[in-house]
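So the structure is just underneath, and the comments pick up after that.
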Amino acid sequence: MNKGLKIALNVVIFLVIAGFGFFMIRSMSSDQRTPRLGEGQEISTFVSPYRLVNYSRFHSDILNFDIYNGEAFVVVEGGIIRTIIDSMGGMIIVEDDFAGHDIRDIFAVNNRTIYLLYPNRIGMYRLGREVEKIGGWESHNPNSDYRAFAITENYIFVTDVGERQVVQYRKDGSVVRFFRSPDRFILPDPEAFDIIAINDTIFVTNSGRHRIESYTLNGKFITYFGTPGAQAGGFAGCCNPIFIAATPGGNILTSEKGRPRISSFGRDGSFRMVLFDSQALGGGTHARRIRVCEENNVFIANRNTISVYTFDSTRVERTCSRACAGCTRACRK
């Protein structure tokens, strides 16, 4: 190989090495300037219209809870804990009322009377120095797998994931009727079969179809709302929403899993605003159970804690401008 060719080859090799080194230095510098996000992460500019005011921690995970007139009834593994809610939203444990396993849902009729839903039965109890069972009945069907219930003045509506239907009972335990979705209830996640009552309307989650359906007290289908999608007002993933709750003003709160989010809808299904995004809820992938004690106070269960949030009007403008374009009407309320 002649001398000129050797020099040219060395120059090419030097340029390749120098270029590679320059590329690596630029890449490292770029990584330092712009942190990379992990899978499923994003930089959030969302501002929740609610601020945390208090929280209470329990000795085990919370399975469900209900609130009535300043008291919370919290279902944990092996029992129900009755607590008093103080002026700052904190919970003072009064007593562990009684042991019970596989409690799926709880409904407080008043401060001393509760209904409990089990996989295949319903029980009614009076709470006092001793717990007294004052009513209840077994499921009509051995294949039933009850998940949630809603109670009105005269009826109890139960979601049955085993039969993919809603069972309507009178309060004496007699069956009134069974009804199903006109498009079938699709339930990839058995837990995602929630139900609430607002006045004379029953709302049921059809999570596999990413919607909430409404029915009359006679089990007649009215309509539905909800669309698939990760956008504000949509329901993403295989099956959302997971849980729903009613506010005293008649609005509906939805709780999603995957990328947890709590949103507010009008009774007519109109989207109002996102209340909590994944970051505001502390991350994770599971849906949070929610209850609304007063219109401005939201209680959220996460693992073994219940956090209390209060509405902060100073945050609303930022919430709407950053997270829910098109919800101006809701922001004025």
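Between Ile122 and Tyr115, some side-chain heavy-atom pair lies under the 4.5 Å cut-off. For the pair Ser255 and Ile244, the minimum side-chain heavy-atom distance is 4.5 Å or more. Looking at heavy atoms from C-beta onward, Arg177 lies out of side-chain contact with Val167 at the 4.5 angstrom threshold. Tyr68 has its side chain within reach of Asn111: a pair of non-hydrogen atoms, C-beta onward, lies under 4.5 Å apart. Between Ile262 and Val298, every side-chain heavy-atom pair lies at or beyond the 4.5 Å cut-off. Annotation: side chain of Val204 is in contact with side chain of Tyr215 (closest heavy-atom distance under 4.5 Å). The shortest distance between side-chain heavy atoms of Ile202 and Ser214 does not fall below 4.5 Å. With a 4.5 Å cut-off on side-chain heavy atoms, Ser263 and Met273 do not count as touching.
Under the 4.5 Å side-chain heavy-atom criterion for Ile, Leu, Val, Met, Phe, Trp and Tyr, Phe73 and Ile103 are members of the same hydrophobic cluster. Grouping the Ile, Leu, Val, Met, Phe, Trp and Tyr side chains by contacts below 4.5 angstrom, directly or via other members, places Leu52 with Leu253. Both Leu63 and Val131 belong to a single network of hydrophobic side chains, linked directly or stepwise wherever heavy atoms of I, L, V, M, F, W or Y lie under 4.5 Å apart. Criterion: ILVMFWY side-chain heavy atoms under 4.5 Å apart, direct or through other members. Under it, Ile62 and Phe299 are part of a common hydrophobic cluster. Residues Leu217 and Ile222 do not share a hydrophobic cluster, clusters being chains of Ile/Leu/Val/Met/Phe/Trp/Tyr side chains in contact below 4.5 Å.
For the pair Arg291 and Phe65, the cation sits on the ring face: its NZ or CZ lies under 6.0 Å from the ring centre, inside 45° of the axis.
For Asn110 (side chain) and Thr113 (main-chain N/O), a donor-acceptor pair under 3.5 Å exists by modelled atom type. Listed for the Asn304 side chain is no donor-acceptor partner under 3.5 Å among the backbone atoms of Ser60. Between the side chain of Asn54 and the backbone N or O of Val308 there is no donor-acceptor pair closer than 3.5 Å. Side-chain atoms of Asn240 never come within 3.5 Å of backbone atoms of His210 as a donor-acceptor pair (strictly under, hydrogens ignored).
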Practice problem: Evaluate side chain to side chain contact (heavy atoms under 4.5 Å, CB included) for Thr205 paired with Ile242, printing each intermediate quantity in order. | Solution: CA-CA 7 Å; Thr205 59; Ile242 302 297; over 6 Å; no
Self-check item: Stepwise side chain to side chain donor-acceptor pair (under 3.5 Å) test for Asn141 and Ser139
Solution: CA-CA 5 Å; Asn141 186 333; Ser139 165; 5.9 Å; no
Exercise. Just do the side chain to side chain contact (heavy atoms under 4.5 Å, CB included) check on Lys257 and Thr285 with the steps written out, would you?
Key: CA-CA 6 Å; Lys257 71 173 185 178; Thr285 60; over 6 Å; no
Exercise. Could you check Glu191 against Arg289 for salt bridge (charged side-chain N to carboxylate O under 4.0 Å, His left out), going step by step and ending with a plain yes or no?
Key: CA-CA 11 Å; Glu191 190 176 35; Arg289 293 187 182 274; 3.5 Å; yes
Quiz item: Which is it for Thr216 and Asn218 under the side chain to side chain donor-acceptor pair (under 3.5 Å) test, yes or no, and what are the steps along the way?
Solution: CA-CA 5 Å; Thr216 68; Asn218 294 324; 4.7 Å; no
Quiz item: side chain to side chain donor-acceptor pair (under 3.5 Å) between Asp105 and Asn64: does it pass, once the steps are laid out?
Solution: CA-CA 6 Å; Asp105 205 354; Asn64 215 321; 3.2 Å; yes
Practice problem: Apply side chain to side chain contact (heavy atoms under 4.5 Å, CB included) to Leu116 and Phe107, showing your working. | Solution: CA-CA 7 Å; Leu116 296 179; Phe107 188 95; over 6 Å; no
Self-check item: side chain to side chain contact (heavy atoms under 4.5 Å, CB included) evaluation trace for Asp312 with Tyr50
Solution: CA-CA 5 Å; Asp312 186 343; Tyr50 286 81; over 6 Å; no
Quiz item: Yes or no on ring pair (Phe, Tyr, Trp, His ring centres under 6.0 Å) for Phe243 and Phe203, after CA distance, side-chain angles and deciding distance?
Solution: CA-CA 11 Å; Phe243 304 124; Phe203 295 88; over 10 Å; no
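Within 6.0 Å of the CZ atom in Arg126, the count of heavy atoms belonging to other residues, nucleotides or ligands does not exceed 12. No more than 12 heavy atoms of other residues, nucleotides or ligands sit less than 6.0 Å from atom OH of Tyr224. No more than 12 heavy atoms of other residues, nucleotides or ligands lie within 6.0 Å of OH in Tyr55, so this atom counts as exposed by the packing criterion. Within 6.0 Å of atom CZ in Arg303, 12 or fewer heavy atoms from other residues, nucleotides or ligands are found, so the atom counts as exposed in its surroundings. No more than 12 heavy atoms of other residues, nucleotides or ligands lie within 6.0 Å of CZ in Arg184, so this atom counts as exposed by the packing criterion.
In this pair, Tyr169 and Trp137 present their aromatic rings tilted. The plane angle is within the 30 to 60° band.
The distance from the OH atom of Tyr146 to the CG atom of Leu117 is 8.0 Å, given to the nearest 0.5 Å. Taking CD1 of Ile290 as the reference point, atom OG1 of Thr247 lies at 10.5 Å (rounded to 0.5 Å). Going from atom OG1 of Thr201 over to atom CD1 of Ile198 covers 7.5 Å, rounded to the nearest 0.5 Å. Within the model, atoms OG of Ser278 and CD of Glu256 stand 10.5 Å from one another, a figure rounded to the nearest 0.5 Å. Atom CD of Gln231 sits about 9.0 Å away from atom CZ of Phe271, to the nearest 0.5 Å. How far CZ of Arg51 is from OG of Ser48: 11.0 Å, rounded to the nearest 0.5 Å.
Residue Arg170 comes nearest to Val175 through the heavy atom pair NH1-O, 3.9 Å, listed as atom of the first residue, atom of the second, then distance. When all heavy atoms of Asn251 and Ser264 are compared, the pair lying nearest together is CB-OG, 4.4 Å. Closest non-hydrogen pair, Thr227 versus Gly233, comes out as OG1-O, 4.4 Å. Closest heavy-atom contact between Ile114 and Ala108: CG2-CA, 4.0 Å.
Applying the side-chain contact (heavy atoms from CB on, under 4.5 Å) rule to Asn206 yields the partners Ser181, Phe185, Ile186, Arg209, Arg211, Glu213; only residues at least two apart in sequence or on another chain are considered.
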Quick one: side chains of residues 147-162, donor-acceptor pairs under 3.5 Å with protein atoms, not counting sequence neighbours, listed by atom name and distance.
| unit_1 | atom_1 | unit_2 | atom_2 | d |
| --- | --- | --- | --- | --- |
| Arg147 | NH2 | Asp145 | OD2 | 3.2 |
| Thr152 | OG1 | Tyr155 | N | 3.2 |
| Thr152 | OG1 | Tyr155 | O | 3.4 |
| Thr159 | OG1 | Ala148 | N | 3.1 |
| Thr159 | OG1 | Ala148 | O | 3.3 |
| Thr159 | OG1 | Phe193 | O | 2.8 |
| Asp160 | OD1 | Asp145 | N | 2.8 |
| Asp160 | OD1 | Gly162 | N | 3.0 |
| Asp160 | OD1 | Glu163 | N | 3.4 |
| Asp160 | OD2 | Ser144 | OG | 3.0 |

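Between the side chains of Thr310 and Asn296, no donor-acceptor pair is found at a separation under 3.5 Å.
Contact check on Arg259 versus Asp277 returns no salt bridge, with no Lys/Arg side-chain nitrogen under 4.0 Å from an Asp/Glu carboxylate oxygen. With respect to Arg267 and Asp200, a salt bridge is recorded, a charged nitrogen being found less than 4.0 Å from a carboxylate O.
Separation of the Phe276 and Tyr309 ring centroids falls under the 6.0 Å cut-off.
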